[in-house]
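What follows is a single structure, written as C-alpha cells, with notes after it.
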Amino acid sequence: MTEKEDVINEDKQELSDRVNNRSRRADSIAFREFIGTQWAPRSTQKPERGGAADYLPARHTKLGKEFRGERLVIPAGQYKVRNNDCDYRFRAHSAFAHLTGLGGEQEPDAVLVLEPLTDKEGNLLAGREIPEGYPEDATHVGVLYFKPRAPRSSEEFYADSRYGEFWVGARPSLEDMEAATGLQCAHIDSFADALAKDAGQISLRVIAGQDTNVDAQVNQVRQSVGLAHGAEAKSLDDALEEATSTIRLQKDDYELDELRHSIAMTKRGFEEIIKSLPRATKHWRGERVIEGAFGAVAREEGNGLGYDTIAAAGNHANTLHWIDNDGKVNEGELVLVDAGIEADSLYTADITRTLPISGKFSPEQAKVYNAVLDACEAALAKANEPGALFRDVHDAAMEVLAHHLDEWGMLPVSVEEAISEEGQQHRRWMPHGTSHHLGLDVHDCAQAKKELYLDAELKPGMVFTIEPGLYFNQDDLAVPEELRGIGVRIEDDIVITADGKAQRLSEDIPRTVEAVEAWIADVQGK
C-alpha cells in the first residue's frame, strides 16, 4: 500500500471509531477461539422476584384504560455521553422504571411495549387472553424487549466496552429477567418486528425523545402504514407521556415503602453531615466537605443522589439552588442542606434541614427558623382538613410567613393586601412554591395537568413536600440588619394516608430548634 493510500484509508475511518486507535485489540483467530473456552457453567439459580413485580399488572391497566386498543411504547432510554467515550451512569426514564420495576442502572436501550388485549370498546381481541396475575379488566400486557447477555464465545463478550460482559459484568438472560420482573421478555432484536405487527389495525404511541433508535423505528412503522405523523403524532405521544406521569399521583404500597426507605437513608446521610461539620469549618471549601459526606452515604446505601445536593452555608442559603458548594463554612452561621438519597428502586427522598454550624442557634437565627417552622405546621394542618386542595397547603404557609414579616416591620402593606393575588409583597423573601409531588422524580408527576395537580383535592397515596423558607440576603436593605444573611428552609415529605390524614414520613428527622440542637450534640458526641 502506498503512503497516499494509507492516508486516504485513515481519513475514511469513522470519528466514532477513532477512540479505539489508542489500544491494540487482540483479534487473532487463535485468540477468539481460546477466549470462548474453559469457562465454568453459569449459575442456574434464578434471581428473586422484584418487589414491584406484583404491582405491575395494576399499573399497566391503570395506564392502559386511557388507551384501549393501542400499542404503547415506553423506552428506558440510552446512555448519555459525558465526555468523549465516557458515559454518565445510566438512569432509566421514570415511566419505564414505574412500569417495569427496574431500578439501579438497568436496562439501557430496553423498551417496554404494552400490547393491547382489548379493542377500544373493551372487547377482548381475537387470540388474546388475560395473563395470569393481571386483573379481570386488564387492557394491556407488558412485554419487555432488552439486550440479554451474549455467549462468552461472542465478540461482544470481550470487545464491547459498553455492553460486553468482560467490561461491565454479566447481563441477565431472558429467563432471569422474566423471573425478576414477572414480565414476558424478548430480545431487543425482535422489537422492530413486534412494532410492525398488525400496525395497520393498531394505533401506536411512544414516549418520544428518549431513544433515537426507537423513535426512528416508530416513525418508520407509522409512515409505512399511514398512521399519524408530524404534529398529530406528537400530540398522541405527548398524551401518553402525560398519562404515565398522572398515574403516579397516588402511590401504591410498594412505592410508599420505598419512599420510607429513601427517607431513612437520607436521615443517615444528614447524620454524616453533622459529623463532618467540625472538619468543614477548617476546609477552604467546607460546603464540599458537607456535600461529600452526604454523597458517600447515598452511594453506599442507595443508588445515589436523587438530585444535586444543596449545601449552602451563610449567605449562600439565600440562593435557592446553590449547588456550586464551593464556599467556606463558618462557626456561628447556618448551613442549609437540601438533599435526598435515591433508593435502588429510583424512589427518592427530598429533605431540607437548616443546621447551626456551631451546634446552637443564635436568637436571631432561631427567630427566623421558628417563623418557618410555624409555616410548616400551618401547611400540615391545612393538608389534614377534609377536602383540602394541593394549592391550599401553600396558601396556609404563606399567610403565616406574611404575619411574621408584618410583625418584624418588613411588609410595605397590610398582611391582607400582601397575601392577595394583587399583592404578594411577602414573596420577596419566599419566592418558590411550598410543595411538589415526590416519588421516582424529585419533582414527580410534573407532566400532570393543573387540575390534577395544583387544583386537585389531596387523596390517599399522594406524597408531596412541605418546604417553606425565608431568605434574607445580606444585601437586602428591606431586611432588618440583624437578620441579613440568614436563610432558612425546612422541608419534610408528606403522605396522605388511607384515612385521609396528612402524615410526615420524615417525622424521625429532628426539626424544632431544641431537637436540632440536641441531635447535633448527640451525633457529635458532645
Side-chain angles (χ1 to χ4, degrees), residues 88-89 91-92 94 97-98 103-105 248 251 254-276 287-313 316-317 319-325 335-355 372 376 379-380 432-446 462-469 487-495 503-511 516 519 523:
Y88 287 102
R89 290 186 181 277
R91 203 275 193 189
S94 293
H98 183 241
E105 297 173 26
R248 302 203 306 269
K251 272 61 179 176
Y254 170 79
E255 294 176 284
L256 295 178
D257 285 344
E258 287 302 302
L259 285 164
R260 292 186 182 97
H261 176 50
S262 298
I263 291 165
M265 290 189 291
T266 297
K267 180 184 180 182
R268 293 194 284 276
F270 269 90
E271 289 175 343
E272 288 303 309
I273 286 173
I274 291 170
K275 292 176 185 177
S276 78
E287 290 174 342
R288 296 263 172 106
V289 173
I290 291 170
E291 176 188 343
F294 187 85
V297 179
R299 279 301 284 172
E300 289 171 15
E301 300 198 23
N303 188 56
L305 299 172
Y307 53 94
D308 285 333
T309 298
I310 296 170
H316 284 166
T319 300
L320 298 182
H321 281 178
W322 178 259
I323 58 173
D324 288 353
N325 300 340
V335 59
L336 185 159
V337 181
D338 187 334
I341 292 179
E342 180 180 82
D344 291 337
S345 61
L346 305 185
Y347 287 83
T348 185
D350 184 7
I351 303 294
T352 305
R353 290 294 183 264
T354 305
L355 307 170
V372 174
C376 290
L380 184 67
H432 60 80
T434 302
S435 300
H436 58 77
H437 277 270
L438 180 70
L440 279 165
D441 297 330
V442 66
H443 297 148
D444 207 25
C445 313
M462 287 186 171
V463 178
F464 55 92
T465 64
I466 289 179
E467 51 176 312
V488 172
R489 181 162 66 250
I490 305 169
E491 180 178 19
D492 285 286
D493 300 340
I494 314 299
V495 63
Q503 178 187 91
R504 271 193 293 265
L505 291 170
S506 47
E507 184 67 32
D508 288 343
I509 305 178
R511 55 201 304 278
V516 168
W519 188 32
V523 171

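In what follows, every heavy atom counts, from backbone to side chain, and hydrogens, waters and symmetry copies are set aside.
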Least distance between heavy atoms, Val488 atom then Val372 atom: CG1-CG2, 3.9 Å

Value rounded to 0.5 Å, distance of CD1 in Ile310 from CG in Leu320: 8.0 Å

Side chain to side chain contact (heavy atoms under 4.5 Å, CB included) evaluation trace for Ile263 with Asp508: CA-CA 9 Å; Ile263 291 165; Asp508 288 343; over 6 Å; no

Point-to-point distance, once rounded to the nearest 0.5 Å, from CD1 of Ile351 to CG of Asp492: 5.5 Å

Side-chain donor/acceptor of Thr465 to backbone N/O of His436, under 3.5 Å: yes

Approximate separation, where rounding is to 0.5 Å, of Thr434 OG1 and Ile466 CD1: 8.5 Å

Residues forming a salt bridge (Lys or Arg N to Asp or Glu O under 4.0 Å) with Glu507, sequence neighbours excluded: Arg504

Salt bridge (Lys or Arg N to Asp or Glu O under 4.0 Å) partners for Glu271, two or more places apart: none

His98: partners by ring-ring contact (aromatic ring centres under 6.0 Å, His included), with sequence neighbours left out: none

Where Ala317 and Leu336 come nearest, the two heavy atoms and their spacing: CB-CB, 3.8 Å

Contact summary for Glu255 and Lys251, nearest pair of heavy atoms: OE1-CA, 3.3 Å

Residues forming a side-chain hydrogen bond (donor to acceptor under 3.5 Å, both in side chains) with Glu291, sequence neighbours excluded: Asn325

Results of side-chain hydrogen bond (donor to acceptor under 3.5 Å, both in side chains) for Gln503 - residues two or more places apart only: none

Within-4.5 Å side-chain heavy-atom neighbours: Val463 and Leu505: yes

Any pair counted as salt bridge (charged side-chain N to carboxylate O under 4.0 Å, His left out), so long as it reaches residues 258-267, sequence neighbours left out: Asp257-Arg260

Backbone N/O of Ser506 and side chain of Arg511: donor-acceptor pair under 3.5 Å: no

Partner residues of His432 under the ring-ring contact (aromatic ring centres under 6.0 Å, His included) criterion, sequence neighbours left out: Tyr471

Candidate pair Ile290 and Val337, rule side chain to side chain contact (heavy atoms under 4.5 Å, CB included), full reasoning: CA-CA 9 Å; Ile290 291 170; Val337 181; 4.1 Å; yes

Any pair counted as salt bridge (charged side-chain N to carboxylate O under 4.0 Å, His left out), so long as it reaches residues 336-348, sequence neighbours left out: Arg91-Glu342, Asp338-Arg489

Main-chain N/O of Phe464 paired to Ser435 side chain as donor or acceptor, under 3.5 Å: no

Audit row: Phe294, Leu305, side chain to side chain contact (heavy atoms under 4.5 Å, CB included) steps and yes/no: CA-CA 9 Å; Phe294 187 85; Leu305 299 172; 3.7 Å; yes

Other residues, nucleotides, ligands: >12 heavy atoms within 6.0 Å of His443 NE2: yes

Arg353 side chain vs Val516 backbone, donor-acceptor pair below 3.5 Å: no

Under 3.5 Å: donor-acceptor pair, side chain of Thr266, backbone of Ile341: yes

Least distance between heavy atoms, Ala349 atom then Ser262 atom: N-CB, 3.6 Å

Side-chain donor or acceptor of Asp350 paired with backbone N/O of Gly340 under 3.5 Å: no

Pairs involving residues 292-301, ordered by first then second residue, that meet side-chain hydrogen bond (donor to acceptor under 3.5 Å, both in side chains) (sequence neighbours left out): Arg268-Glu301

All side-chain hydrogen bond (donor to acceptor under 3.5 Å, both in side chains) counterparts of Thr309, not counting sequence neighbours: none

Beyond-backbone contact of Val523 with Phe270, side-chain heavy atoms, under 4.5 angstrom: no

Shortest non-hydrogen contact between Ala343 and His261, atoms and distance: CB-CD2, 4.0 Å

Sequence-distant partners of Trp322, ring-ring contact (aromatic ring centres under 6.0 Å, His included), two or more places apart: His316

Any residue meeting salt bridge (Lys or Arg N to Asp or Glu O under 4.0 Å) with Arg248, in chain and number order, not counting sequence neighbours: Asp441, Asp444

Under 3.5 Å: donor-acceptor pair, side chain of Glu287, backbone of Asp324: no

